[in-house]
Amino acid sequence: MKELMKPIRTLVDFKRGVVNPDRVIERKTSDMQGMYADELALKKLLSQGNPFIYQIREVNIPEETGHIIYSTTVIYPGKVGDEYFMTKGHFHAKEGTAEIYFCLEGEGYLLMQTRQGRVSAIHMKPGVLGYIPPYWGHRTINTGNKEFVFLTLFPGDAGHNYEIIEKCGFAKMMVEEDGRAILKDNPKYTSLNG
Ligand code: S6P
Ligand code: ZN
């Protein structure tokens, strides 16, 4: 029998996320190349200091069946052209695994998409829990003017597949128009089915 793992106590600050993470992953503008519709606006932002877009604060949990991995993400406020700061987005490598997102601070959208191009979006604000069913790729977008912070929980063996989104993008994008966040067709989207 495997040795029993010890229980873990994690302190989560609603404004900053996991207080003492084992690992912090930072994504800058340069990590998001090809993901925004307005490539000139992205280049401009790169020349203006390559700002951080988001940060993930992770706790060490074994990436194995039976475990539940959890972490917090902070997406900073900002835009690339008219398009709001967002995460890269991914499918789980084991696509039949679900995930829970729980908003702690700020506001934004949880944008989801199937391999067939079906799209769904949930407006997130503190207290809203978004359930991502199996087989839905997911990306989050900060449409507010302060940090958008959320907690995520997913099966230990889910894994991540970034390639589909890197190759095809999302069918929809979230842009500011007349001071409001609206969901528009993404001109750069290419369907997986050709
Ligand atoms: C992991 C979960 C989140 C994201 C994080 C950053 O399954 O969905 O923790 O990893 O929000 O997004 P991304 O797309 O860069 O991994
Ligand atoms: Zn995920």
Side-chain angles (χ1 to χ4, degrees), residues 2-27 31-32 35 52-77 84-115 118-144 146-166 170 172 174 181 183:
K2 269 190 173 178
E3 209 181 306
L4 265 185
M5 188 179 148
K6 284 197 195 128
I8 305 172
R9 177 181 189 266
T10 303
L11 191 62
V12 179
D13 180 295
F14 282 24
K15 288 190 167 28
R16 285 187 303 131
V18 171
V19 175
N20 291 306
D22 294 308
R23 211 167 23 261
V24 177
I25 299 165
E26 311 257 30
R27 299 254 194 257
D31 296 311
M32 303 297 289
M35 298 204 155
F52 286 106
I53 307 276
Y54 62 103
Q55 184 200 65
I56 313 161
R57 297 168 79 82
E58 294 185 341
V59 177
N60 265 342
I61 304 284
E63 293 180 19
E64 294 168 8
T65 317
H67 284 281
I68 297 172
I69 299 181
Y70 57 94
S71 64
T72 51
T73 301
V74 175
I75 309 179
Y76 303 107
Y84 295 98
F85 279 8
M86 63 190 183
T87 59
K88 285 180 164 208
H90 58 267
F91 282 80
H92 288 163
K94 195 170 175 183
E95 289 192 27
T97 52
E99 180 157 4
I100 286 170
Y101 276 34
F102 185 66
C103 182
L104 307 174
E105 173 80 4
E107 72 160 307
Y109 281 83
L110 166 56
L111 182 62
M112 291 160 279
Q113 178 171 308
T114 64
R115 271 182 178 262
R118 197 169 145 199
V119 171
S120 183
I122 293 177
H123 183 222
M124 304 290 285
K125 58 181 189 172
V128 174
L129 183 151
Y131 181 67
I132 305 164
Y135 303 105
W136 287 80
H138 39 285
R139 155 177 288 167
T140 34
I141 304 156
N142 185 350
T143 55
K146 61 177 176 178
E147 277 82 5
F148 171 33
V149 188
F150 54 91
L151 172 75
T152 71
L153 305 110
F154 54 100
D157 58 347
H160 295 89
N161 174 350
Y162 289 95
E163 281 171 22
I164 298 175
I165 305 294
E166 276 164 5
F170 269 78
K172 300 279 182 185
M174 193 62 81
L183 204 56

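Counting from 1, the numbers follow the sequence of the chain as shown. Computed from a prediction, not measured in an experiment: that's the story for all the values here.
- Looking at every heavy atom in both residues, L111 comes nearest to A121 through CD1-CB, 4.1 Å.
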Hey, can you pull the donor-acceptor pairs under 3.5 Å for the side chains in residues 7-17, sequence neighbours left out?
{"from": "T10", "atom 1": "OG1", "to": "Y70", "atom 2": "OH", "distance (Å)": "2.7"}
{"from": "D13", "atom 1": "OD1", "to": "K15", "atom 2": "N", "distance (Å)": "2.7"}
{"from": "D13", "atom 1": "OD1", "to": "R16", "atom 2": "N", "distance (Å)": "3.1"}

Report the C-alpha distance between R57 and Q55 in whole Å, list the side-chain angles of each, state the deciding distance to 0.1 Å, and finish with yes or no for side chain to side chain contact (heavy atoms under 4.5 Å, CB included).
-> CA-CA 7 Å; R57 297 168 79 82; Q55 184 200 65; 3.3 Å; yes
Kindly determine whether R118 and Y135 satisfy side chain to side chain contact (heavy atoms under 4.5 Å, CB included), including the steps that lead there.
-> CA-CA 11 Å; R118 197 169 145 199; Y135 303 105; over 6 Å; no
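- To the nearest 0.5 angstrom, N142 atom CG is 8.0 Å from E147 atom CD.
- Within 6.0 Å of atom CD in E64, more than 12 heavy atoms from other residues, nucleotides or ligands are found, so the atom counts as buried in its surroundings.
- The structure places CD of E166 at 4.5 Å from CE of M35, a figure rounded to the nearest 0.5 Å.
- One distance of note links NE2 of H138 with CD of E99; it measures 4.0 Å at 0.5 Å rounding.
- Nearest heavy atom pair, residue G144 against residue P77, reads O-CB, 3.9 Å.
- Residues H160 and H92 bring no donor and acceptor atom of their side chains to less than 3.5 Å of each other.
- A donor-acceptor pair is defined here as one N or O able to donate and one able to accept, closer than 3.5 Å; no such pair exists between the side chain of S120 and the backbone of M112.
- The salt bridge (Lys or Arg N to Asp or Glu O under 4.0 Å) pairs that include a residue from residues 121-143 number zero, where partners must be two or more places apart or lie in different chains.
- Shortest non-hydrogen contact noted between V24 and P21 is CG2-CG, 3.5 Å.
- For Y131 against A98, the heavy-atom pair with the smallest separation is OH-CB, 3.2 Å.
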Checking side chain to side chain contact (heavy atoms under 4.5 Å, CB included) for the pair K146/E105: CA distance, chi angles, key distance, verdict?
-> CA-CA 9 Å; K146 61 177 176 178; E105 173 80 4; 3.1 Å; yes
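- For the pair R23 (side chain) and N60 (backbone), a donor-acceptor distance under 3.5 Å is absent.
- Every residue two or more places apart in sequence or in another chain that forms a side chain to side chain donor-acceptor pair (under 3.5 Å) with R115 is listed here: E95.
- Remark: Y109 engages H123 in a ring-ring contact (aromatic ring centres under 6.0 Å, His included) (not counting sequence neighbours).
- A 4.5 Å side-chain heavy-atom check between M174 and L183 finds at least one atom pair inside the cut-off.
- No donor-acceptor distance shorter than 3.5 angstrom exists from the side chain of T65 to the backbone of D157, with no hydrogens or angles considered.
- Between I25 and R27, the shortest heavy-atom distance links the atoms CG2-NH1, 3.7 Å.
- Closest approach of G108 to T143, counting heavy atoms only: CA-OG1, 3.4 Å.
- Take F150 and apply the ring-ring contact (aromatic ring centres under 6.0 Å, His included) test, not counting sequence neighbours, and it matches Y101, F148.
- Within the model, atoms OH of Y76 and CD of E26 stand 5.5 Å from one another, a figure rounded to the nearest 0.5 Å.
- Note that OH of Y162 is 13.0 Å distant from CZ of F91, once rounded to the nearest 0.5 Å.
- Among residues two or more places apart in sequence or in another chain, the ring-ring contact (aromatic ring centres under 6.0 Å, His included) test is passed with H67 by none.
- Side-chain contact between I68 and I61: absent, with no pair of heavy atoms (C-beta onward) separated by less than 4.5 Å.
- Few gaps surround CG on L153; more than 12 heavy atoms of other groups in view lie less than 6.0 Å from it.
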Step by step, work out the side chain to side chain contact (heavy atoms under 4.5 Å, CB included) result for D31 and I53.
-> CA-CA 9 Å; D31 296 311; I53 307 276; over 6 Å; no
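- In this structure, CD1 in I132 is found 4.5 Å from CG in L110, a value given to the nearest 0.5 Å.
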